[in-house]
Amino acid sequence: MTVGRALFQLLVFPGLLYAVPVAWLMLWMERKLTARLQGRIGPPFYQPFFDFVKLLAKRPLPRPPLQALAMSALPVLAVAGTLGALALLPVFPHSGGFTGDLVLLVALLEIPPLCAVLAGFVSRSIYGELGATREAVLSIAYSLPFLAALVALAAAANSLSLSVISQQAMWQVRLPALLALALCLPVKLRVNPFSVANAEQEIYAGATTEFEGPRLALWELAHGLEWVALTGLWAVLAFPAANAAWPLRAVVFVAISLALVLVLAAVAAATARLKLAQAARVYWLWGSALGVLAMVVAVVWP
Amino acid sequence: MEPETILESLRVTAAWEVRGDGHWVEAPDLDVRAMARLLLSVEARWVTLTVSPVPGGGFRLLYHWDLAGRLLNIATTVPEGLTQSIADIWPAADWAEREARDYYALEFAGRDELPALMLRPEDEPGLFSRTRELGHDADPADAARVDASRGRRDAGGEP
Amino acid sequence: MSPVIPVGPYHPALEEPYKIELDCDGEAVREAHITVGFNFRAIEWLAERKNYTQDLALVERVCGICSNVHTLTFSRALEQLAGVEVPARAQHIRVVVHEAERLHSHLLWAGIAAEVIGFQTLFMTCFALREKVMDLLEAVSGNRVNYAMNKPGGVTRDIVDPGMVAATAQAIRTAMEREIIPVFTTDRTVRARCAGVGVLTRDEALAWGALGPVARASGLPQDIRKAAPYEIYDRLDFEVPVRPEGDVLARIVVRALEIVESCRIIEQAVDGMPAGPIDAGDFIPVPAGEACARIEGPRGEVFYYVASDGSDVPLRVRIRTPTFQNMPTVALMVREQTLADVPLIQASIDPCYSCTDR
Amino acid sequence: MRLIDSLVRTSRRRSPWLFHLNAGSCNGCDIELVACLTPRYDVEQLGIRLEGSPRHADIIVVSGPVTRTTRAALETVYAQVPDPKVVVALGSCPASCNVFAGSPTVEGPLDRILPVDVYVPGCPPRPDAIIAGIAEAIALLAEGGHA
């Protein structure tokens, strides 16, 4: 991968220049669809953008220096990690990448939840701590199916390179793997029925309860970017057409990502929130079953 | 059980006065704990306790019970600010007793603790008794006289 | 992590300030301590210093959700003292407003319960339906909240369009039976959150003096409208739903069925409404004496005691609201439950702290 | 610079987040505020959100005559909301203590405790009036709040 290409992917597509507006678009789509399903009109499309600017322009509350530093650094790290993960997505085949970038992607995607857990503890609020604990428990629960699905794909493709994985058909493995990944999306994005870590009626905003102004703005941005990265990862894996022209690939990538947002929002609007133990059980049971199925298929049906 | 049998069992000599709003009786020497145990055994339902100050000192305690749809109002009086608690027999009476202390500084014997319910823990009990002479005044500023702690705070003496 | 987790006094799941301190073991609740009194405005104290007309406006503001039950009970206590008969038409109007208030209160509660388990869409559905009741109440009383409908001896406003009232009640009943009851009783995520959660046994309900839907969901068939009928309830045909389970789901089902019954009561009360005056005169003098009144509010029995010395200011006004009796049972319900269930369990008694604290 | 200023002003107008604090209210105002969120009034159209944490909020909406016990909470919450912020007194109670004036446990009206920017009169105010009051608060917020 040349430096120029890497920079392009990081800063333009599917990185910063694409991801930030699309993050706002996705946050809006989620709120708008929910509102429409509830018989309301919902927010205008520029809402997440203005929310972001407004929060950025608020004066931060005075805090002890070390805590202030940690509370600013954590959301920045979450944003940076997600952007890095986005840059690795092989939307264009042969656009570079390197052997083993799958491992890096998984690591980068784990940064935002990790930061959220730390944020909950750093903010020294009981609700932040509870949110962080829940976040941690859930991440243990969904990590197994999430990793199993990716490992199964890697085993079937016999490669740890994302672009190789995304180009081979192998639907017998891809199907259960995609299902397992789809199951992990609501909990990673903290939407219903798995919005346990930010359950407002139980623990306020969870880990971000104590964050205000610019620091909260960055969390909102990180959250939007997670939507782009996770639906993007799913879109890349769901369209393994090696020979398609690059404009088609880009269009399909965007289309699948946005469609997935709508599906997730619709499911969220039609469900109540499960309890921590219930949510964890879903992942241990059904998520792991799907992940293991993908792995078994990858091994016995190469 | 009929209301008449209840009075007999409690050895109350007065008879019920039956009105549109239930049965009423005055029983100055009532054993409230015996009453509580009896009404528990007949599956009556706790309604509430009304405490009123008696002019010249002491309190009138009016126990309200529901017996299969009939409202029984059993009144007794205590000369001092002390009476027997029934909260161990009827947990339902717990809050009403705590509230009576808040309002009239009435103490209930037989309770381990009688924490404030409506007042704050640091408040002196008997808010209604303490403020008896105070009229209803449309200017809330005058109400500051009621509460000693508030007077200090307004004077800038907050720690 | 600190073992004591405070819920409140300001918490997103609560409309009102109060505090439950939870001794927790991880997410499991060991013990709960309830603190109330945040809304303590000393209304009983104020009532002893205002005249009866002012008191009517005061007790209406004991609670903004069940405001009508307070003026109704207070008026009934004064009528008992004065020995005044309320005209038949006024009794019918009282029942219509009383039941419409139960409708809006139960729908409000259903919405809040949905919100507490994170089911926002169901919350919106309930509140959209509730607006129909609000329209009804506004058409009858002129207000959306604090209707100022009752006064000693009758009501303040006539129902001019009974047909509209009956039609609205029917529409609400249909929507309830078609849209909301099925979701609450069959949706899997709702069942997963509510069934078997926050159980209050029959014996506990009795010993703690639980009232209204809480008692009825624990197998106690108590309802003042049946046990000691007031106004025209002895002439109406309605059921009192009772469930034996004592869990959150049972309390949901009891209230949902009560909404349907309330619609039926409104239809009957409007149907049989006789012509005639709506009050027993402009001013009712209150003689010396004492009286009690109780009615079945949306949350259970509301009890008033009024003592008078014959002047225009009462000697003593005692207000016992249903949440005052129901609230302590929450400490029993949350034991051995998880933290996530606490907001739901406390919401399941349909608490009203402004009623409790007064 | 002027562009940024006007962007910030616009964003404040378009994204007011509320924190609601019940200071001894009877629920009447509170429930009408909740009604504003629901399908008929749907204030999310205006970017208005009800937040659970005061640190996320721009506008503090206070209902109730301010009882002794809620006063400390009121002061804490006020300090927790980052600037710029606006205080809205919802209903007659925070404006005048309403029927609770003279009570020994009421410390209101609200302007004795916090600087109040907008009064929404009514017992309770209708949802339309509440939205109009919030709109007034939004205009203040855009200019940097009262601070």
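A, B, ... follow the sequence lines: proteins, then strands. Residue 1 opens every chain.
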Looking at side-chain heavy atoms only, is the closest gap between D:Arg40 and C:Asp135 below 4.5 Å? yes
So what's closer than 4.5 Å to chain D heavy atoms on C:Arg130: side chain, backbone, both or neither? side chain
How close do D:Ser103 and C:Arg41 get, heavy atom to heavy atom, and via which atoms? OG-O, 2.8 Å
Using modelled atom types only, decide if a donor and an acceptor are shared between the side chain of D:Thr105 and the backbone of C:Phe40 within a distance under 3.5 Å. yes
Relative to chain C, which segment of D:Cys93 carries a heavy atom at a distance below 4.5 Å: side chain, backbone, both, or neither? neither
Closest non-hydrogen contact found for D:Val99 with C:Leu46 is O-CD1, 3.9 Å
Contact part of D:Asp42 toward chain C, heavy-atom cut-off under 4.5 Å: side chain, backbone, both or neither? neither
Non-hydrogen atoms of D:Thr38 and C:Met124 that approach each other most closely: CA-SD, 3.8 Å
Closest approach of C:Asn146 to D:Pro124 (non-hydrogen atoms, all atoms of both residues): ND2-CD, 4.0 Å
Is C:Glu44 close to chain D through its backbone or its side chain, or both, or neither, when contacts mean heavy atoms under 4.5 Å? neither
Closest contact, heavy atoms only, D:Thr67 versus C:Phe38: OG1-O, 2.6 Å
Provide the closest heavy-atom pair for D:Asn27 versus C:Cys352 in the form atom of the first, atom of the second, distance. ND2-SG, 3.7 Å
